[in-house]
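Written out below as structure tokens is the structure these notes cover.
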Amino acid sequence: MTDLGRIDGRTKLIGLTATPIGHSLSPAMHNMAFRKSDLNYVYMAFEVGNQQLANVVTGFRALNLRGWNVSMPNKTKILPLLDELSPAAQFAGAVNTVVNENGKLIGHITDGTGYLRGLKENGVDIKGKKITLLGAGGAATAIGIQCAIDGASEIHIFNANDAFQDRAKKNADIINNEIENINCKATVNKLEDLELLKESIKNSDILTNATGVGMKPLENQSLVPDASWLRPELIVSDVVYIPRKTKLLEMAESVGCKTINGLGMMLWQGAAAFEIWTGYEMPVEYVKEQMNL
Ligand code: NAD
């Protein structure tokens with residue numbers, strides 16, 4: 001229950017723009033974390049489509065909001081409305097967190113760092129790892145770019161023959177040619193090339209599903225057709241967290257792989273945003289316990 005008694009003349013507002021928005025776990029997560037940390041902030045969700053986005057950003061600027069989260073469909077459309085982007089947001093071409101630093105709106109993307117923190121919590125360090133990455137949409141882009149920045153050695157991107165193919169090529173090009181001071185090689189491949197996919201999984205340390213396959217309306221589906229493609233040493237992660245155990249993770253568990261679902265990514269992308277706005281660490285253990293994560 002929201003403790004409205006805490007709101008006073010100094011309360012700082014953090015927003016969230018997206019549509020649809022009612023299902024979001026972020027307001028509950030951040031408000032309980034603010035209360036637990038005794039921080040005078042409140043987090044509110046606003047139903048915002050791309051048409052209203054420019055006006056909303058002007059309004060947020062005028063009201064001097066400390067910051068906000070950005071979700072679909074606003075994550076790419078917001079770019080030209082901001083004053084500065086973090087390197088990861090620039091490479092990903094997307095923003096999920098905005099912070100207002102003395103009137104300057106700075107865009108960050110915390111999905112990739114959130115994903116990696118979720119791996120770390122499970123004892124997995126990305127440095128030197130070979131990854132087979134399924135997908136090239138928003139989640140896959142943030143993950144691929146952050147893995148490259150944080151030291152992965154190879155990223156093999158597999159995408160279906162759909163509208164995201166161009167983004168798959170762009171992501172590989174950014175990793176191979178644009179991000180400086182990294183030692184990561186990326187390839188782009190067709191998801192329909194099952195022999196190549198099987199070979200890539202065989203040679204990888206980590207297999208990551210960064211598509212919506214496994215979640216409604218594609219629940220009980222997996223892009224890996226057969227559990228025999230997996231082996232116990234392989235780490236299998238999924239961005240999906242509803243259901244907590246996707247068909248892919250079920251298959252991986254049956255083989256004895258370490259499996260990691262999308263809950264950690266969801267939680268830690270929020271924790272990173274919390275820290276950007278407040279300068280304090282989110283009380284993650286408390287949030288996990290309260291939200292049954
Ligand atoms: P998106 O629309 O930007 O990208 C969709 C991706 O899925 C593309 O690569 C597309 O080619 C692929 N895809 C879709 N249907 C497919 C199919 N039938 N077969 C093969 N590939 C298919 O979406 P997004 O924002 O990247 O989200 C993808 C998933 O990640 C969603 O399930 C979303 O809920 C989840 N997600 C989780 C987190 C988290 O914090 N855990 C964060 C963001 C997104």
Side-chain angles (χ1 to χ4, degrees), residues 16 18-21 23-26 29-30 50 69-78 88-89 92-97 108-119 121-122 132-146 155-172 188-194 197 207-225 236-249 259-274 282 284 287-288 291 293:
L16 163 65
T19 185
I21 206 164
H23 66 284
S24 175
L25 298 176
S26 295
M29 174 167 75
H30 285 290
N50 283 337
N69 275 140
V70 186
S71 195
M72 295 308 283
N74 310 146
K75 279 178 145 175
T76 54
K77 297 287 177 203
I78 196 160
V95 158
N96 79 332
T97 302
H108 295 262
I109 183 106
T110 64
D111 292 328
T113 48
Y115 169 79
L116 286 178
R117 187 71 192 260
L119 289 195
E121 239 199 338
N122 281 280
T132 296
L133 178 61
L134 309 179
T141 297
I143 288 172
I145 282 168
Q146 199 66 48
I155 302 176
H156 302 287
I157 303 166
F158 284 78
N159 201 80
N161 190 13
D162 63 13
F164 292 91
Q165 261 302 325
D166 284 348
R167 187 69 222 193
K169 287 185 194 136
K170 188 166 180 181
N171 289 346
V188 191
N189 313 275
K190 292 204 182 327
L191 197 49
E192 292 77 10
D193 189 340
L194 293 181
L197 176 60
L207 166 65
T208 299
N209 174 50
T211 76
V213 176
M215 176 182 168
K216 248 183 184 168
L218 305 172
E219 68 265 46
N220 297 321
Q221 295 188 31
S222 161
L223 293 175
V224 175
V236 180
S237 73
D238 204 317
V239 294
V240 173
Y241 56 89
I242 302 170
R244 292 186 182 201
K245 204 183 285 177
T246 56
K247 171 93 183 289
L248 173 65
L249 295 189
T259 59
I260 301 166
N261 68 20
L263 274 178
M265 176 176 174
M266 193 277 294
L267 179 73
W268 287 105
Q269 62 75 31
F274 184 96
M282 180 185 260
V284 166
V287 170
K288 269 189 191 168
M291 295 184 76
L293 298 178

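By convention here, the first residue in the shown sequence is residue 1. Order of appearance sets the numbers: ligands from 1, and atoms from 1 within every ligand.
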### Query
Taking non-hydrogen atoms only, is Y241 closer than 4.0 angstrom to ligand 1 via side chain, backbone, both or neither?
side chain
### Query
Counting only heavy atoms, which portion of M215 has something under 4.0 Å from ligand 1: side chain, backbone, both, or neither?
side chain
### Reported CZ-to-CG distance for the pair F158 and N189, which is rounded to 0.5 angstrom
4.0 Å
### Query
Considering T211, L218, L191, which one's heavy-atom position lies nearest to atom 20 (C) of ligand 1?
L191
### Query
Relative to the heavy atoms of A136, which atoms of ligand 1 are at a distance of less than 4.0 Å?
9 (O)
#### Entry: Separation of T208 OG1 from I157 CD1 (nearest 0.5 Å)
11.5 Å
#### Entry: Nearest-0.5 Å distance that lies between atom CG in L207 and atom OG1 in T132
6.0 Å
### Query
Does an N or O anywhere in K75 fall below 3.5 Å from an N or O of ligand 1?
no
## Note on the structure
Rounded to the nearest 0.5 Å, the OG1 atom of T141 sits from the NZ atom of K75 at a distance of 10.0 Å
### Task
Please examine the side chains of Y241 and L25, heavy atoms only from C-beta on, and report whether any two atoms are closer than 4.5 Å.
yes
### Task
Tell me which part of L263 gets within contact of ligand 1: side chain, backbone, both or neither, using heavy atoms under 4.0 Å.
neither
### Summary
For G135, the atoms of ligand 1 under 4.0 Å from one of its heavy atoms are 9 (O)
### Message
Contact between W268 and V284 at the side-chain level, heavy atoms closer than 4.5 Å - yes or no?
### Response
yes
### Query
Do S71 and I21 have side chains that get closer than 4.5 Å, going by heavy atoms?
no
### Message
Please classify the V213 to ligand 1 contact at 4.0 Å (heavy-atom distances, strictly less than): side chain, backbone, both or neither.
### Response
side chain
### Query
Does a side-chain heavy-atom distance below 4.5 Å link E219 with I242?
no
### Query
atom 4 (O) of ligand 1: which protein heavy atom is closest, and how many Å away?
G137 CA, 3.3 Å
### Query
To the nearest 0.5 Å, what is the distance between CD (Q221) and OG1 (T211)?
9.5 Å
### Task
Would you check the N or O atoms of N159, main chain and side chain alike, for any that come under 3.5 Å of an N or O of ligand 1?
yes
### For atom 31 (C) of ligand 1, closest protein heavy-atom neighbour
G212 CA, 4.0 Å
#### Entry: Residue portion contacting ligand 1 (non-hydrogen atoms closer than 4.0 Å) for D162
side chain
### Query
For ligand 1, is there an N or O atom under 3.5 Å from any N or O atom of V239?
yes
### Summary
Nearest non-hydrogen protein atom to atom 1 (P) of ligand 1, with distance, is F164 CZ, 3.7 Å
### Message
So N69 and T97, do their side chains get closer than 4.5 Å, heavy atoms only?
### Response
yes
### Task
Might you check, step by step, whether the distance between atom 33 (C) of ligand 1 and some protein heavy atom is under 4.0 Å?
no
### Message
Within ligand 1, which atoms have a heavy atom of L223 less than 4.0 Å away?
### Response
19 (N), 20 (C)
### Query
Right, does atom 14 (C) of ligand 1 have protein non-hydrogen atoms nearer than 4.0 Å?
no
### Message
Within the structure provided, determine whether L267 and M291 are in side-chain contact (heavy-atom separation under 4.5 Å).
### Response
no
### Task
List the closest protein heavy-atom neighbour of atom 26 (O) of ligand 1: residue, atom name, distance to the nearest 0.1 Å.
A139 N, 2.8 Å
### Message
Taking the side chain as everything from C-beta on, heavy atoms only, tell me whether R167 gets closer than 4.5 Å to N159.
### Response
no
### Query
Taking atom CG of L223 and atom CG of L134, what is their separation to the nearest 0.5 Å?
5.5 Å
### Task
Indicate whether any N or O donor in one side chain lies under 3.5 Å from an N or O acceptor in the other, for T246 and D238.
yes
### Task
Could you name the option among Q269, K216, M266 that has the heavy atom nearest to atom 40 (O) of ligand 1?
M266
### Task
Indicate yes or no: does an N/O atom of V240 lie under 3.5 Å from an N/O atom of ligand 1?
no
### Query
Considering only the protein, which heavy-atom contact is closest to atom 23 (O) of ligand 1, and what is its distance?
G138 N, 4.4 Å
#### Entry: L134 and ligand 1 - part of the residue with a heavy-atom distance under 4.0 Å
neither
### Query
Of the protein's non-hydrogen atoms, which lies at the shortest distance from atom 42 (C) of ligand 1, and what is that distance?
M265 CE, 3.7 Å
